[in-house]
Every structure is written in structure tokens, then in C-alpha cells.
Amino acid sequence: MKRFLIIFFLSLILTSCNSEIQVNIPINLVETKIPKAYSEDWYKLNNGANKEFGVSITNNKLIIKEFKNRYEAELKIDDGKLLGINQGEWGGTLSFIPKNKEHGERLIKKGNIKYIFEFNNRIYFIEGLAHLSYSGGAIFELTKDANNFTFEKKLEFDDAPEAFTIYKNKILIATHKNFYVVENFEKELIFENTFWTSLYPNSIAVVDNENVYMGIRSGLVKLNLSEKTIIFYKNVE
């Protein structure tokens, strides 16, 4: 019995260790003082020639790599796929493309579609645009009934959604300059008027509430949602 308990607890320890997410920040990303938005240092980060970094978690590892702009989003459903297009100031669309090509593509909505995803067995899409003096967007629920699609706005933002992820039944959204946690389609503003305005957040990867990573232009951001602190890693290549 004693031997069995020892083996059992060792198994629990190994399982816990194996489930931990490995985080290794590349040497070219150096922790740096957060610049003030629109300062000289900020403008250097915003240079159009600068790299954008994306984040994801694969095989229990935080993956950080150069991000290429994404203009399409898609989600496969039973009889086809949903395709979202985002062309910035030139607009975009949400369409349904059936497997049976004889039925033809069907326009569902015009708008800048950033993401299409499933959440709690329902389908949602995120729309957003930041252009000139306008910045805004929303989360919509999409419903398919036979051959008909309808959508309902669930939550609106007065700042354009840029990146999102789902963590523990919550939706985390980085907008053009803010950061929200959405639960039961009620939003909580965690960070407001941040330095990443116009640095285009593109992806979010969550280790836990104290270690949330976000890819932006010219670097990487680490957020602590509990203590509401920000660390910035600048690309020095």
C-alpha cells in the first residue's frame, strides 16, 4: 500500500510537470521600458519596416515567431465553410461557401471580419476596424437554420478588436489600445489607453492569469491580469 501511494504521488508530480507550458523568450526580444504612446521611441516601434511577432502555444510550448498579416478567417461547418474577409478601409465580407458548389457562395454580412470561432457550441464572429478617427467593432452570434443565416450583436466595443483567444470559458480581447476580459458577454476593461495603440496586436497566448503573452509590431507584451501589470520585450535585431 505504501509503495502504491509513493508511485501514485510521483505520477501526479510528473503529470503536473508535463502539463506546464515552457516559456523561452528569444534573445532578440529584450525587456525594455514601456514607451509612451506617440513618443520618439514609440514612433521607432511603429516604423512600417519593423517585424511583427505572433504568439501561440503548441505542444506545451510558447511559440514566438514572425507574424504575417492575415486578411482571411474561416471556419468549417457541416455543409461547407464560413469565410471572413478583412480589407481594412476597403471593407470586407462574411460569406458561406457550400461543399456543393452548384449552390454558390452566399453573402451573409458586409464588414471587416477578423475572426470566426466556436464557443460553447455556438458560432461567433468578431468584426473590427480602426481607420482615421474611427475605431470600433463587435462580437456577433451567427445562427444557421436550414439554408438561412442570421446574426445578432452580442457585445460592442468602442475600440477596434485586433486579437483574441479563449481561456477558461472567457474571451480575451486586445483592441487597438485596450484589453478586455469577456465573461457571459459582459466585458471587463483590464488595460486602457495602452502604449500598443497602432502597434497592432495580432495574437494572444495564455499560460495563466499572471502570464498572458501578446504579439505586436516590434515586440512582445506580457500581461498580468491579476496585478494589472505590463512587461514589454522589444525586438533588438
Item to check | Asn211/Lys222 under side chain to side chain contact (heavy atoms under 4.5 Å, CB included): CA gap, chis, key distance, verdict | outcome: CA-CA 6 Å; Asn211 297 275; Lys222 179 184 175 184; 2.9 Å; yes

Checklist entry - Going through the checks in order, is the side chain to side chain contact (heavy atoms under 4.5 Å, CB included) test met by Ile139 and Ile173? => result CA-CA 10 Å; Ile139 301 176; Ile173 291 188; 3.7 Å; yes

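When all heavy atoms of Asn178 and Trp196 are compared, the closest pair comes out as O-CZ2, 3.4 Å. Among all heavy-atom pairs drawn from Gly136 and Pro161, the shortest one is O-CD, 3.9 Å. When all heavy atoms of Ala130 and Glu162 are compared, the closest pair comes out as CB-OE2, 4.4 Å. Taking all atoms of both residues into account, the shortest heavy-atom contact from Phe191 to Asn224 is CZ-O, 3.8 Å. Taking both residues in full, the closest heavy atoms of Ala163 and Ser203 are given as CB-N, 3.4 Å, listed atom of the first, atom of the second, then distance. Between Leu45 and Pro35 the shortest heavy-atom distance is CD1-CG, 3.6 Å.
Cluster annotation: Ile21 is connected to Leu220 through the hydrophobic network of ILVMFWY side chains, with a link wherever side-chain heavy atoms come within less than 4.5 Å. Each of Phe140 and Ile85 belongs to its own hydrophobic cluster when Ile, Leu, Val, Met, Phe, Trp and Tyr are linked at side-chain heavy-atom distances under 4.5 angstrom. In this structure, Leu172 is a member of the same hydrophobic cluster as Met214, with clusters built from ILVMFWY side-chain heavy atoms closer than 4.5 Å. The cluster map of Ile, Leu, Val, Met, Phe, Trp and Tyr, joined by side-chain heavy atoms under 4.5 Å apart, puts Ile97 and Ile116 in different clusters. Ile25 and Ile63 fall into different hydrophobic clusters, where Ile, Leu, Val, Met, Phe, Trp and Tyr side chains are chained together by heavy-atom contacts under 4.5 Å.
Of the possible donor and acceptor atoms, none in the side chain of Ser218 sits under 3.5 Å from a partner among the backbone N and O of Asn235. The closest donor-acceptor contact from the side chain of Lys168 to the backbone of Asp208 lies at 3.5 Å or more, if one exists at all. At least one donor-acceptor pair under 3.5 Å links the side chain of Asp159 to the backbone N or O of Lys177. Checking side-chain atoms of Ser95 against main-chain N and O of Leu83 turns up no donor-acceptor pair under 3.5 Å. Checked by atom type and distance alone, the side chain of Asn202 never pairs as donor or acceptor with a backbone atom of Asn69 at under 3.5 Å. Proximity of a side-chain donor or acceptor of Asn59 to a complementary backbone N or O of Lys61 within less than 3.5 Å is not detected.
The aromatic rings of Phe119 and Phe185 sit perpendicular, their planes meeting at an angle over 60°, well past the 30° parallel limit. Between Phe149 and Phe96, the angle of the ring planes lies from 30° to 60°, which puts this pair in the tilted group.
Between Asn86 and Ile113, every side-chain heavy-atom pair lies at or beyond the 4.5 Å cut-off. The shortest side-chain heavy-atom distance between Tyr115 and Phe125 does not fall under the 4.5 Å cut-off. No side-chain heavy atom of Glu152 sits under 4.5 Å from any side-chain heavy atom of Thr143. Under the 4.5 Å side-chain criterion, counting only non-hydrogen atoms from C-beta, Ile108 is in contact with Leu82. Residues His176 and Thr197 have side chains in contact (heavy-atom distance under 4.5 Å, counting atoms from C-beta outward). With contacts defined as side-chain heavy-atom distances shorter than 4.5 Å, the pair Phe195/Ile216 qualifies. Residues Phe179 and Ile230 have side chains not in contact (no heavy-atom distance under 4.5 Å, counting atoms from C-beta outward). The shortest distance between side-chain heavy atoms of Phe117 and Ile171 falls below 4.5 Å.
For Leu107, the CG atom counts as densely surrounded, since its 6.0 Å shell holds more than 12 non-hydrogen atoms of other residues, nucleotides or ligands. Residue-environment remark: CD (Glu89) exceeds the threshold of 12 foreign heavy atoms within 6.0 Å. Other residues, nucleotides and ligands contribute only 12 or fewer heavy atoms inside 6.0 Å of the CZ atom of Arg122.
For Phe53 and Tyr233, the gap between ring centers reaches or exceeds 6.0 Å.
Figure legend: Lys114 and Phe164 shown without cation-pi pairing, the cationic atom not lying both under 6.0 angstrom from the six-membered ring centre and within 45 degrees of its axis. Figure legend: cation-pi geometry between Lys154 and Tyr124 absent, as NZ or CZ is not positioned both under 6.0 Å from the six-membered ring centre and within 45° of its axis.
Taking CD of Glu127 as the reference point, atom CD of Glu156 lies at 10.0 Å (rounded to 0.5 Å). Here Phe232 contributes atom CZ and Thr32 contributes atom OG1; the two are 6.0 Å apart, rounded to the nearest 0.5 Å. Rounding to the nearest 0.5 Å gives a distance of 7.0 Å between CG of Asn28 and NZ of Lys51. Going from atom CG of Leu29 over to atom NZ of Lys234 covers 11.5 Å, rounded to the nearest 0.5 Å. How far OH of Tyr200 is from CD of Glu52: 8.5 Å, rounded to the nearest 0.5 Å. Distance check: Ser56 OG to Leu62 CG gives 7.5 Å after rounding to the nearest 0.5 Å.
Glu66 has a carboxylate O that lies under 4.0 Å from a charged side-chain N of Lys68, or vice versa, which qualifies the two as a salt bridge. With respect to the salt-bridge test (charged N to carboxylate O, under 4.0 angstrom), the residues Lys144 and Asp79 qualify.
The side chain to side chain contact (heavy atoms under 4.5 Å, CB included) test with Tyr213 is passed by exactly one of Val207, Val206, Ile204: Val207.
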